[in-house]
Amino acid sequence: MNEPIRDRLVTLRRNLHRHPEPAWREFYTTARLVEEIRAIGVDELAVGPDAYDPADRMAVPDADLDSWIERARKRGADPALLDRMAGGNTGAVAVLDRGEGPAIGLRVDIDALFIEESTAEEHDPAAEGFRSEIDGAMHACGHDVHMTWGLAVLEAIAENDFSGRLVVFFQPAEETSGGGCPMAKSEFADGLDYLLAVHVGLDHPTGEVVAGIEKPLAMCHVDATIHGASAHAGKAPNEGANAMHAMGTAIENAYGIPRHSDGMTRVNIGKAEAGTASNVIAERAHMEAEARGETTELMEFMKDRLEHTVKSAATMHDCRAEVEVVSESPRADSDPELQALVSEVADGASGIERVLPAADFGASEDATFLMERVQRDGGLATYLIVGTDHPTSHHTPTFDVDEASLEHGVDVLVETIRELESRHPVPHVDPAEADGDARIVETEGRE
């Protein structure tokens, strides 16, 4: 590993792609990151429970963690690191503390999805031999790219004359919105002047950069269990309390929750299961749902209405419902000051042909916990997008990236950090005054 990361971006990304691990199971992934970080040489490295308070985690699975640890052990992960990550305490924070200057955070996520990766010949990871080696799991959202960026940026800043503090959050469990909260509450988020979060693609092509997202939806994941009473469906159905029927009523009524006049709201029942046999009144039903809102307040409105709807449906059918909020994330918008700076940097980066000062996100992200924390403490934050040509959408078995975007992301992030260093403190502006001039107009057609 003496070869610089910048010279092996593709190799590193493909290695990470081969070993995808879903939320709170990123044992081998974390160990691999730590190996690279140690080779770079940093001033502080915290892993798992040293990086955050485990009690602040959300959506932690209550089963199957041991099998993922053993898989990582068999793949050669450091046993001491695996012991430290017991219980699903994955992820890491790396710090460069290089004297006077701004405190800058960079957040990249590290988890994969429960998706079986395609074996089709036209799918490059399959054709070129770096398809997922873990059945039923896949980096289908580009987090392998994000980790590569995080390591390459850390290396680049470590090797130059940077003055200040750089904190790189290698955050677990983004896909379940479980890891952003503990990172944001940790000591490593204290005193940050700036925060950069980043994503690849999201329907923006190679050569395009979005300097900062706006209007991410606040979101919550909700699990609901309905308890009824079983009975013989033919002989004495009246003696039962049908949890499946109650669940059906809850689902129908959930989609009937009124939209809100203050902004966009969403609700979805993504998974539902109940019953044991055709001739048995179901005594238990389980649903996994989500609610979203254009603002945190609207999400809270939808969450409350969803919980009320489920419990009312259960009561209607003489059942009882338990509703648990598994995880959630707030809305946080990018600051116009950083959007303007990133726009300027991206406009001068090699291979970048178009710069969008801002774009509506339309989805949810738990990086907003860190953004909100930094902004609340008086700092600035932005969530930027580095475009990539992806043949199919995120979260599909054939998702892939254009590896040219690996260099694009490193260049934009490193130069943004250097500009923040030289311009610190970046003046705050009134959002009402952040017009096109303040944000930099988009550029097109540059070679």
Side-chain angles (χ1 to χ4, degrees), residues 1-21 26-48 50-51 72 75-78 81 85 90-98 104-112 130 139 141-160 162 164-174 179 183 188 195-201 349 367 370 384-386 388 401-418:
M1 279 200 304
N2 293 326
E3 185 181 3
I5 292 173
R6 187 60 180 260
D7 295 338
R8 53 189 176 91
L9 292 174
V10 170
T11 301
L12 178 55
R13 178 254 164 171
R14 292 185 175 192
N15 180 273
L16 293 168
H17 188 89
R18 289 189 185 97
H19 305 289
E21 294 166 306
E26 308 96 329
F27 300 108
Y28 178 85
T29 300
T30 300
R32 184 75 181 83
L33 291 170
V34 168
E35 185 180 4
E36 293 283 352
I37 293 167
R38 285 173 172 168
I40 292 169
V42 296
D43 298 300
E44 188 172 0
L45 172 59
V47 179
D50 296 325
R75 291 177 181 272
D78 182 344
L81 283 175
M85 290 186 280
T90 51
V93 177
V95 181
L96 293 173
D97 202 342
R98 301 298 164 90
I104 303 170
L106 170 63
R107 181 273 200 177
V108 294
D109 40 15
I110 71 172
D111 56 325
F130 63 98
H139 272 299
C141 199
H143 297 188
D144 48 342
V145 174
H146 303 170
M147 288 184 277
T148 303
W149 284 339
L151 291 170
V153 169
L154 189 64
E155 179 187 65
I157 298 300
E159 291 179 347
N160 64 34
F162 174 74
R165 186 168 183 260
L166 176 66
V167 182
V168 183
F169 299 88
F170 293 92
Q171 184 211 299
E174 182 277 328
M183 289 286 187
F188 296 100
L195 177 79
L196 306 173
V198 63
H199 208 295
V200 68
L370 274 164
L384 60 132
I385 300 170
V386 178
T388 195
V401 302
D402 178 357
E403 291 175 330
S405 61
L406 291 169
E407 288 196 17
H408 296 168
V410 176
D411 288 343
V412 171
L413 290 167
V414 169
E415 290 308 310
T416 296
I417 291 169
R418 296 312 305 266

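We use all heavy atoms of the structure for the numbers below, so side chains are in, but hydrogens, waters and symmetry mates are not. The first residue of the sequence shown is numbered 1, and numbering continues consecutively from there.
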Calculate, to the nearest 0.5 Å, the distance between atoms [atom1] and [atom2] belonging to [X] and [Y] respectively.
{"X": "Leu370", "Y": "Leu196", "atom1": "CG", "atom2": "CG", "answer": "11.5 Å"}
{"X": "Leu12", "Y": "Leu33", "atom1": "CG", "atom2": "CG", "answer": "8.5 Å"}
{"X": "Leu154", "Y": "Ile37", "atom1": "CG", "atom2": "CD1", "answer": "6.5 Å"}
{"X": "Glu403", "Y": "Thr148", "atom1": "CD", "atom2": "OG1", "answer": "9.5 Å"}
{"X": "Arg107", "Y": "Met183", "atom1": "CZ", "atom2": "CE", "answer": "9.0 Å"}
{"X": "Met147", "Y": "Asp109", "atom1": "CE", "atom2": "CG", "answer": "8.5 Å"}

Notebook entry, point to check: Would Ile110 and Leu16 satisfy side-chain contact (heavy atoms from CB on, under 4.5 Å), going step by step from the backbone distance to the final call?
Noted result: CA-CA 9 Å; Ile110 71 172; Leu16 293 168; over 6 Å; no
Which heavy atom of [X] sits nearest to which heavy atom of [Y], and what is that distance?
{"X": "Gly41", "Y": "Ala158", "answer": "O-CB, 4.4 Å"}
{"X": "Leu81", "Y": "Ala31", "answer": "CD1-CA, 4.0 Å"}
{"X": "Val200", "Y": "Ser405", "answer": "CG2-OG, 4.1 Å"}
{"X": "Ile385", "Y": "Gly201", "answer": "CG2-O, 3.3 Å"}
{"X": "Phe188", "Y": "Ala46", "answer": "CZ-CB, 3.5 Å"}
{"X": "Ala72", "Y": "Phe27", "answer": "CB-CB, 3.8 Å"}

Item checked: Residue from Leu96, Ile157, Asp97 passing side-chain contact (heavy atoms from CB on, under 4.5 Å) with Val42 -> Leu96
Checklist line | Thr388: which of Leu406, Val145, Asp402 passes side-chain contact (heavy atoms from CB on, under 4.5 Å) | finding: Asp402
Note to self: Between Asp144 and Arg18, does any side-chain N to carboxylate O distance fall below 4.0 Å?
What the structure shows: no
Next item on the list: Would you mind checking if Glu21 and Arg75 are paired as a salt bridge, meaning a charged N to carboxylate O distance below 4.0 Å?
Entry: no
Given side chains that start at C-beta, do those of [X] and [Y] come closer than 4.5 Å, heavy atoms only?
{"X": "Val167", "Y": "Glu44", "value": "no"}
{"X": "Arg38", "Y": "Asp78", "value": "yes"}
{"X": "Thr11", "Y": "Glu3", "value": "no"}

Next item on the list: Quick one: sort the His139 and His17 rings into parallel, tilted or perpendicular, breaks at 30° and 60°.
Entry: tilted
Notebook entry, point to check: Is the His143 ring parallel, tilted or perpendicular to the His199 ring (thresholds 30°, 60°)?
Noted result: perpendicular
Check: Could you go step by step and tell me if Val34 and Val47 meet the side-chain contact (heavy atoms from CB on, under 4.5 Å) rule?
Finding: CA-CA 8 Å; Val34 168; Val47 179; 3.7 Å; yes
Check: Judged by atom type as modelled, is there a donor-acceptor pair below 3.5 Å linking the side chain of His19 to the main-chain atoms of Thr29?
Finding: no
Margin query: Main chain of Gly91, side chain of Thr30: is a donor-acceptor contact present, judged purely on distance under 3.5 Å?
Written below: yes
Next item on the list: Start with the C-alpha distance between Phe170 and Glu26, add both sets of side-chain angles, then the distance that settles side-chain contact (heavy atoms from CB on, under 4.5 Å), and finish with yes or no.
Entry: CA-CA 11 Å; Phe170 293 92; Glu26 308 96 329; over 6 Å; no
Notebook entry, point to check: Under the salt bridge (charged side-chain N to carboxylate O under 4.0 Å, His left out) criterion, do Arg32 and Glu35 qualify, and how do the steps go?
Noted result: CA-CA 5 Å; Arg32 184 75 181 83; Glu35 185 180 4; 3.7 Å; yes
Notebook entry, point to check: Can you check side-chain contact (heavy atoms from CB on, under 4.5 Å) on Val153 and Val168, steps first, answer last?
Noted result: CA-CA 9 Å; Val153 169; Val168 183; 5.7 Å; no
